[in-house]
Amino acid sequence: MSVDATTVRRIAHLARIAVSEDEVAPLQGELNAILAFVEQLGAVDVTGIEPMTSVTPMAMKKRRDVVTDGAKADAIVANAPETEDHYFLVPKVVE
Amino acid sequence: MTILNELTLAEARDGLKAKAFSAADLTQAHLSAMEKARGLNAYLVETPERALAMAKAADAKIAAGEARPLEGIPLGIKDLFCTDGVATTAGSKILEGFTPAYESAVTANLWRDGAVMLGKLNLDEFAMGSSNETSAYGDVVSPWRRPNSETRLVPGGSSGGSAAAVAAHLCLGATATDTGGSIRQPAAFTGTVGIKPTYGRCSRWGTVAYASSLDQAGPIARTVRDCAILLGSMAGEDARDTTCADLPVPDFEAAVARGVKGLTIGIPKEYRVEGMSAEIQALWDTGAAMLKDAGATIREISLPHTPYALPAYYIVAPAEASSNLARYDGVRYGLRVPGKDIASLYENTRAAGFGREVKRRIMIGTYVLSAGYYDAYYVRAQKIRTLIKRDFEQAYAAGIDAILTPATPSAAFGIGEKGSGDPVEMYLQDVFTITVNMAGLPGISVPAGLDAQGLPLGLQLIGRPFDEETLFAAAQVIEEAAGRTKLPAAWWA
Amino acid sequence: MTAAVNPKKLIKGGLHDWEVVIGMEIHAQVTSRSKLFSGASTEFGGEPNDHVSLVDAAMPGMLPVINEECVAQAVRTGLGLKAQINHRSVFDRKNYFYPDLPQGYQISQFKDPIVGEGEVLVDLPDGESITVGIERLHLEQDAGKSLHDQNPTQSFVDLNRSGVALMEIVSRPDLRSSEEARAYVTKLRTILRYLGTCDGDMEKGSLRADVNVSVRKPGDPLGTRCEIKNVNSIRFIGQAIETEARRQIAIIEDGGTISQETRLFDPGKGETRSMRSKEEAHDYRYFPDPDLLPLEFDQAYVDALAEGLPELPDAKKARFIAAYGLSPYDAGVLIAERASADYFEAVATGRDGKAAANWVINELFGRLNKEGKTIETSPVSAVQLGGIVDLIGEGVISGKIAKDLFEVVWSEGGDPRALVESRGMRQVTDTGAIEAAVDDIIAKNPDKVAQAKEKPTLLGWFVGQTMKATGGKANPAAVNALLKAKLGIE
Ligand SMILES: [Mg+2]
Ligand SMILES: [Zn+2]
């Protein structure tokens with residue numbers, strides 16, 4: 001499988017990365033080189049094989065239901081580019 | 001006179017304990033060396049004040065007879081580990097200005113044991129790279145050079161800053177991370193020792209994620225023993241990481257002297273890849289002979305799905321990365337490039353904040369997870385992972401204790417030499433190391449000789465899950481037989 | 001589950017009748033102290049970003065760790081829905097960009113949910129009942145909240161809700177009218193509240209519905225559906241369905257076709273409108289979250305949770321009908337809230353069940369409604385109401401006096417029996433006293449006495465007069481018997 005320019009733009013948008021027109025062709029070439037490389041996986045017979053979900057077989061650790069965190073809005077917004085009254089600010093979102 | 005920063009970590013520890021020198025002196029020796037070595041671009045941030053304060057505290061502990069396992073040992077920290085109050089960038093512009101208010105589990109373990117932080121080490125952006133050329137903060141230059149050549153060589157990647165700093169005596173050891181070979185390949189390129197422990201041995205909490213199911217922290221140091229000491233402090237259970245194993249940390253240092261008598265070492269025939277240089281083949285044979293001489297049995301084995309590990313990796317890792325890196329959106333921390341609406345804010349921020357390789361991997365990952373392609377790519381790659389892991393399980397079940405392979409296909413190359421046209425050329429760097437991540441196994445890279453140009457080469461040992469001890473024992477045999485690689489004179493100072 | 005088409009439920013179009021087909025996805029907030037994957041509080045409200053951990057804010061290197069109570073709550077709910085409990089389930093990431101989704105993905109369950117197929121028995125007001133199939137229930141994270149009205153050019157993002165555990169409960173398209181849909185949500189809410197797994201507080205957003213609506217001619221295959229997102233009251237669910245069904249019918253009857261899309265119900269304007277923004281990129285790229293292992297437990301774990309479950313509404317209703325002789329309607333009203341059922345049972349135990357139900361439903365509920373109070377804040381306790389019922393049963397007071405007594409207890413409190421004594425409300429059963437009053441009335445109204453022989457319905461007038469004369473305290477049965485004898489009415 002290989003990607004065309006339209007697909008490159010669609011993926012870039014899905015990934016929320018602005019791509020200028022002159023970046024499309026080189027990106028397309030690079031992505032297709034990678035896709036051509038992974039194409040060889042088609043040769044493997046994977047019938048009846050379970051996809052790996054966790055590399056180490058162990059039971060998932062769980063938390064007790066207690067409040068152990070929070071009450072640190074200062075720290076939460078400390079690194080934010082734009083804040084007001086402990087809110088994060090973003091350009092207006094129209095719903 | 002002893003040059004303090006050229007001691008091994010174990011020697012420095014013993015010297016401190018014997019009060020031969022102070023932690024403050026040891027730290028100062030490193031800070032001075034770092035200052036002179038800025039041309040290598042190994043450190044992104046130096047933290048001299050913090051380092052000296054920690055050293056002073058260590059000296060007090062030593063004086064009081066309360067020295068902890070790493071008391072006063074100066075270390076460099078890969079800038080993928082979040083450090084409380086110290087800028088953390090992951091080598092990316094997108095984290096510009098980000099200062100965490102928390103300390104990664106691994107570094108917190110080191111400080112708990114008395115270690116001293118010298119600063120944050122350069123790396124490939126988000127640990128994506130094999131040459132440290134993708135860092136937004138410039139290439140790291142290897143302290144190694146070819147004889148009579150001023151060509152600047154790569155230290156390997158992504159833990160290139162860690163490997164270069166350890167090799168150039170800019171710290172006694174460093175933290176590193178390995179998703180596809182990012183500890184073992186730079187260790188091999190710089191004549192240092194690096195171990196990627198079993199997945200789940202070290203907590204991932206507080207370490208910037210690249211590919212969650214593959215990422216593992218580990219140390220790079222100048223000797224096998226030093227690595228064992230460091231891993232003993234870095235590892236350990238953590239309730240905050242669901243994938244971190246609830247297992248006691250063995251005495252890794254004690255395992256170093258175990259030897260390999262009675263062990264069976266596997267030589268996987270599939271690693272004899274097409275076009276492998278005679279030099280690498282010879283190194284591999286020599287390594288096997290060293291282990292045999294020390295009492296191990298050498299047996300050829302087959303790991304049939306080896307050729308598929310690298311392509312499967314370039315589906316699984318980018319897929320996870322595309323999702324893990326979605327949080328860098330210019331809203332809560334790091335870079336923000338304004339836009340006319342929220343979507344263009346995201347797009348502008350991520351276009352300006354991520355480098356070329358990171359964008360490439362995010363886009364490949366986005367593509368292989370997208371509707372209509374998920375099963376053909378991602379699910380198939382995860383099935384192949386199952387097969388890769390099964391290959392190893394079968395070898396271990398048949399009595400193999402550890403597996404010996406080359407660490408890299410070649411010695412270090414020049415900056416700018418590889419991967420500019422076809423990204424896959426660079427990806428092939430990890431052909432020997434990547435299976436280990438895909439199967440979650442431990443792997444160690446140990447220097448085993450020099451190539452014809454006088455550059456270091458490494459061998460890799462792969463172990464059973466949670467059996468790093470055998471790797472330390474076997475690597476020690478190779479280190480002793482091969483002799484420690486000697487770095488050329490400090491041309492950078 | 002598709003029963004025969006019920007003509008009463010069809011919607012009349014301009015050309016012919018239409019059947020509306022409804023399926024629902026309910027998001028129910030799990031009752032827990034801390035969030036699904038972090039230790040921050042789930043408490044409603046709070047200062048902006050105050051119930052937020054580093055995990056909820058998706059700081060670099062942060063990892064999710066699951067809250068065991070949220071898992072237990074999902075299993076309890078699955079048991080309450082008589083559903084398949086999956087001993088192995090998987091958490092997936094649903095990837096999309098939105099300012100209130102800090103990770104850039106929602107941790108949810110896609111292919112392998114914790115709970116599989118189940119069912120809900122729904123009673124309709126006309127006495128009919130339907131079974132609604134449950135397709136699945138899965139655990140997922142709630143998003144944060146964006147405020148759009150603080151500033152003309154910016155939205156304000158608060159992550160207090162980010163990461164709170166939700167159960168998404170998906171029904172089959174088994175509902176055929178807005179009334180059925182409302183009854184279904186009401187019943188589901190009742191079950192969740194009984195289980196204690198969701199408080200069902202729709203005003204606080206603890207229960208939200210995504211409603212899938214399509215229309216078809218009876219007997220036709222399913223039509224194209226539209227999903228109305230985030231409807232947050234039972235009344236609005238009904239209105240949204242009616243509005244959307246009529247919109248679709250109008251389009252089809254006009255020769256148009258329905259395009260599958262996400263819509264929003266605007267209760268103010270009484271219309272649904274397209275949410276184009278949500279349509280844009282519908283490629284969520286689900287994949288198993290590599291930070292989390294599969295969620296696994298054994299049957300013993302499920303059995304232990306089953307053991308701890310309370311009696312559920314259907315069982316309670318059946319028991320109320322059998323044990324107290326209630327009508328299905330009354331039993332249904334009483335079990336709608338666990339607190340009401342408990343109250344009723346406290347009143348009914350050791351007494352006449354029907355009388356207790358009567359008093360609880362008619363007097364108490366009526367009064368609570370009027371005053372905007374709930375059973376929890378009722379000024380009349382079950383013990384007090386039981387006391388009143390006892391006094392009636394013993395013939396100490398009449399039903400009418402009982403209502404006065406109820407008023408006194410409601411506003412002043414106190415022990416009903418003591419109140420009857422201290423306020424002289426005891427019913428007069430002394431035949432002599434009643435007879436004197438009767439004789440007096442007969443003597444004063446000879447013309448009515450004469451008429452009564454022809455017109456026995458006048459008896460009521462005499463009863464009324466007697467009661468009035470005795471201050472309402474006369475035993476009505478005794479009055480009746482005496483009057484009949486003296487007036488010669490059979
Ligand atoms: Mg939904
Ligand atoms: Zn949902």
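A, B, ... follow the sequence lines: proteins, then strands. Residue 1 opens every chain.
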| request: Applying side-chain hydrogen bond (donor to acceptor under 3.5 Å, both in side chains), run through Glu82(A) and Gln154(C) and close with a yes or a no. | output: CA-CA 10 Å; Glu82(A) 237 185 310; Gln154(C) 288 177 305; 2.8 Å; yes

| said: Please check: side-chain N/O of Lys92(A) versus main-chain N/O of Asn151(C), any donor-acceptor pairing under 3.5 Å? | reply: yes

| task | I would like to know whether Thr53(A) and Arg88(C) meet side-chain contact (heavy atoms from CB on, under 4.5 Å); could you show each step before the answer? | result | CA-CA 12 Å; Thr53(A) 41; Arg88(C) 183 181 187 278; 3.5 Å; yes

| said: Could you walk me through whether Phe156(C) and Leu89(A) satisfy the side-chain contact (heavy atoms from CB on, under 4.5 Å) test, starting with their C-alpha distance in whole Å, then the side-chain angles of each, then the deciding distance to 0.1 Å, before giving a yes or no? | reply: CA-CA 5 Å; Phe156(C) 285 44; Leu89(A) 264 53; 4.0 Å; yes

| note | Under 4.5 Å to a heavy atom of chain C? For Lys72(A) that would be both

| task | Check each atom of Ala59(A) against the heavy atoms of chain C and say whether the ones under 4.5 Å are side chain, backbone, both or neither. | result | backbone

| Check: Ala73(A) main-chain N/O paired with Asn49(C) side-chain donor or acceptor under 3.5 Å | no

| said: Using 0.5 Å steps for rounding, measure from the CG atom of Asp50(C) to the CD1 atom of Ile76(A). | reply: 9.5 Å

| Under 3.5 Å, side chain of Arg33(C) to main-chain N/O of Asp65(A), donor-acceptor pair present? | yes

| Is there a donor-acceptor contact under 3.5 Å from the side chain of Ser155(C) to the main chain of Val90(A)? | no

| query | Which pair of non-hydrogen atoms, one from Lys61(A) and one from Val65(C), has the smallest distance, and what is that distance? | reply | O-CG1, 4.0 Å

| query | So do the side chains of Leu14(A) and Tyr96(C) get within less than 4.5 Å of each other, counting heavy atoms only? | reply | no

| message | Quick check on side chain to side chain contact (heavy atoms under 4.5 Å, CB included): which of Asp69(A), Thr68(A), Val67(A) does Ser53(C) satisfy it with? | response | Asp69(A)

| query | Nearest heavy-atom pair of Ala15(A) and Phe97(C): which atoms, and what distance? | reply | O-CZ, 3.8 Å

| Short question: side chain of Arg63(A), backbone of Glu68(C) - any donor-acceptor pair under 3.5 Å? | no

| request: Find out whether Ser34(C) and Val66(A) are in side-chain contact, i.e. whether some heavy atom of one side chain is under 4.5 Å from a heavy atom of the other. | output: no

| field | Proximal component of Val55(A), with respect to chain C [non-hydrogen, under 4.5 Å] | value | neither

| request: Below 4.5 Å from any heavy atom of chain C, which atoms of Thr56(A) appear? Answer side chain, backbone, both or neither. | output: backbone

